[in-house]
Structures are given as structure tokens and as C-alpha cells.
Amino acid sequence: MTIDLKIINNSGLKKILIVGVFHGDEPQGEFFINEYLKKDYQNSKNALFFIPRLNSNNKRVNKNGVDLNRNFPTKNWCQTQKDDYFGGKNPASEEETKFLVDLIEKNKFDAILTLHAPYKIVNYDGPALELAQEISKITRYPVQADIGYPTAGSFGTYCGVERNIPTITLEVDENKAPQELLGCIVKVFDYLRCNF
């Protein structure tokens, strides 16, 4: 399995990781990232690391039936029933999870943004309140620290809570076509590239 990684300005002042399609049934992130990468960015203060599509399956879970956003080696990881939220037989059992863990170990990211649907919120983990508020100003989605249900083994816990990396889960409106939301998401990416 190959996971596509694209980088804008690898020598930038700060490093920001942006991940699309954690869940295969939330494809909006791949569209936003691929559209954004069609332009050439000469003046970029920060380095942006893009993964357009983490999960190659077209379902919430990956090809092994694992919810990648419950598969991270966190203190709260636990084995659960094999359903759409199944965190795997072991933490970090999946290739996609191992890829992200390795990428994060090799790079000191200053912030991480993942693109999800459908809740229309800016969820954050770790020291990311200020960043969440800035993204909220752009998207007009409310800031929410708690998604409202348990997320054992989540990426946000792994990066934000346990590694102290400001981590944003941007939940976009699934009832709007990605083309309608693109302008807003481009502004978020531009903020991370130039103003964060």
C-alpha cells in the first residue's frame, strides 16, 4: 500500500500536517487537498505536509475493517467490538497508522489538521484552542473541545493530548458539495501556510 505525501516548502518556519480521508466515506478532504495542490506556492512561510487520502477504502473503516481513528497507540486504547468503530486487534496494527506514527516521529509538527465530516465543528485536542478559534473565524463553525462520545485510540488523543501537538479535527458539512466549501477550506490552508 502506498500513501501519497505531498509537501509545500519543506524548509518552512513551521511544519503543519494536513490529512484527508481518515474515514473512507468522508472523501471531501481529498478533493480539497488535490484542488489546493493544483497551484504553485512560491511564497510560503510554513511547510505544509499533505496526505490527500489516508484510507483507500470507500467505507468508514479501512480494508481490514479497522477505524483508523481508533487505532492509535494511546493510553486509552482498548479492544472493542468489530463494528464501524473497531480499533483493531492491537494498537497501531494498521499500515496507515504506522505510516502516520512514523511521520510524526520523524518530523516535529507545530500543528495538525484532519478533515472529516459531517458535524460542522472545529474540534481540537491539545494546546490548540487559539488555532481552533482562528479556523472558526474562517469557517464559521463553532469550536468544540469534546466531540460528544468516547474516542479511545484516536489520532487527536495520540497527537494533541499525549504529544502536546495542537491538533484540529475540522468537520465539514456533508450536505454541501465539496465545490461549495472549497473557497473556505482554501482560506484555512492559506492561513496555515502563511499566517500561523
Side-chain angles (χ1 to χ4, degrees), residues 14-30 32-33 49 51 54-55 59-62 65-88 90-94 96-97 100-101 103-104 109-176 178 181 184-185 187-189 191-192 196:
K14 293 179 180 175
K15 289 183 177 181
I16 297 108
L17 174 62
I18 300 173
V19 184
V21 196
F22 244 93
H23 298 130
D25 59 354
E26 299 171 8
Q28 297 89 339
E30 182 177 28
F32 299 144
I33 291 169
F49 288 60
I51 298 171
L54 181 67
N55 183 350
K59 297 178 181 177
R60 178 182 176 87
V61 295
N62 74 351
V66 174
D67 181 343
L68 297 173
N69 203 25
R70 302 291 182 277
N71 188 238
F72 284 84
T74 60
K75 292 172 188 167
N76 71 349
W77 183 91
C78 59
Q79 195 168 39
T80 58
Q81 294 180 358
K82 196 158 188 187
D83 58 14
D84 281 350
Y85 300 91
F86 179 56
N90 300 294
S93 59
E94 304 308 296
E96 300 94 335
T97 310
L100 278 178
V101 166
L103 186 66
I104 289 161
F109 287 111
D110 296 279
I112 296 172
L113 171 71
T114 63
L115 298 156
H116 288 258
Y119 295 119
K120 298 182 277 187
I121 61 168
V122 183
N123 173 244
Y124 70 95
D125 289 285
L129 176 58
E130 189 176 320
L131 177 56
Q133 290 169 333
E134 290 298 325
I135 291 173
S136 175
K137 287 178 192 173
I138 297 167
T139 62
R140 299 186 186 273
Y141 294 158
V143 173
Q144 197 168 313
D146 189 337
I147 200 79
Y149 52 85
T151 56
S154 75
F155 187 59
T157 299
Y158 179 77
C159 298
V161 176
E162 297 187 1
R163 277 155 192 77
N164 217 35
I165 304 167
T167 303
I168 301 291
T169 303
L170 179 56
E171 293 263 358
V172 302
D173 187 347
E174 71 176 355
N175 293 318
K176 288 193 174 182
L181 300 170
C184 178
I185 302 303
K187 288 178 186 175
V188 172
F189 292 169
Y191 173 79
L192 292 170
F196 174 64

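- Enclosure of atom OH in Y119 is not indicated, since only 12 or fewer non-hydrogen atoms of other residues, nucleotides or ligands lie within 6.0 angstrom.
- For the pair R163 and Y158, the cation sits on the ring face: its NZ or CZ lies under 6.0 Å from the ring centre, inside 45° of the axis.
- When atom types are taken as modelled, the side chain of S154 and the backbone of R70 share no donor-acceptor pair closer than 3.5 angstrom.
- Without hydrogens or angle criteria, W77 side chain to G87 main chain gives a donor-acceptor distance under 3.5 Å.
- Here the shortest heavy-atom pairing between P127 and G160 reads CD-O, 4.0 Å.
- The shortest non-hydrogen separation linking A152 to N76 is CB-O, 3.2 Å.
- A side-chain donor-acceptor contact under 3.5 Å links E162 to the backbone of K75.
- Each of N69, N71, N62 was compared with T97 under the side chain to side chain donor-acceptor pair (under 3.5 Å) criterion, and only N71 meets it.
- Counting non-hydrogen atoms of other residues, nucleotides and ligands closer than 6.0 Å to CD of E130 gives a total of 12 or fewer.
- In this structure, CD1 in I18 is found 6.5 Å from CD1 in I33, a value given to the nearest 0.5 Å.
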Run the numbers on T157 and F72 for side-chain contact (heavy atoms from CB on, under 4.5 Å), then give the verdict.
CA-CA 8 Å; T157 299; F72 284 84; over 6 Å; no
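- Taking all atoms of both residues into account, the shortest heavy-atom contact from V61 to G65 is CB-C, 3.5 Å.
- Side-chain contact between L17 and I51 is present, with heavy atoms from C-beta onward closer than 4.5 Å.
- Taking all atoms of both residues into account, the shortest heavy-atom contact from P118 to E171 is N-OE1, 3.1 Å.
- Across all non-hydrogen atoms, the minimal contact from G88 to S93 is CA-OG, 4.1 Å.
- Taking 4.5 Å as the limit, some side-chain heavy atom of I104 sits within range of a side-chain heavy atom of I165.
- Here T114 contributes atom OG1 and N123 contributes atom CG; the two are 8.0 Å apart, rounded to the nearest 0.5 Å.
- Ring planes of F22 and H116: parallel class, angle under 30° (limits at 30 and 60°).
- Surrounding NZ of K120 are at most 12 heavy atoms belonging to other residues, nucleotides or ligands under 6.0 Å away.
- A donor-acceptor contact shorter than 3.5 Å links the side chain of E26 to the backbone of A117.
- Counting heavy atoms from C-beta on, the side chains of L170 and V122 come closer than 4.5 Å.
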When you look at Y141 and V172, which way does the side-chain contact (heavy atoms from CB on, under 4.5 Å) test go after all the steps?
CA-CA 8 Å; Y141 294 158; V172 302; 4.0 Å; yes
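- Taking CZ from F189 and CD1 from I138, the interatomic distance works out to 11.0 Å, rounded to the nearest 0.5 Å.
- Taking the ring centroids of F49 and F109, they lie under the 6.0 Å cut-off.
- In this structure, F155 and L68 have side chains that are not in contact, with every pair of non-hydrogen atoms separated by 4.5 Å or more.
- I147 is not listed as a side-chain neighbour of T169, based on a closest heavy-atom distance of 4.5 Å or more.
- In summary, the side chains of H23 and N55 do not present any donor paired with an acceptor at a separation below 3.5 Å, with no hydrogens or angles considered.
- Considering every non-hydrogen atom in both T139 and C184, the closest pair reads CA-SG, 3.5 Å.
- For the pair P166/D110, no side-chain contact is recorded, criterion being any heavy-atom separation below 4.5 Å from C-beta on.
- Residues L181 and F32 form a side-chain contact, since some pair of their non-hydrogen atoms from C-beta on lies under 4.5 Å apart.
- Each of L115, L192, I112, I135 was scored for a side chain to side chain contact (heavy atoms under 4.5 Å, CB included) with I168, with one residue passing: I135.
- Put simply, the side chain of F196 reaches to within 4.5 Å of the side chain of L131, judged on heavy atoms.
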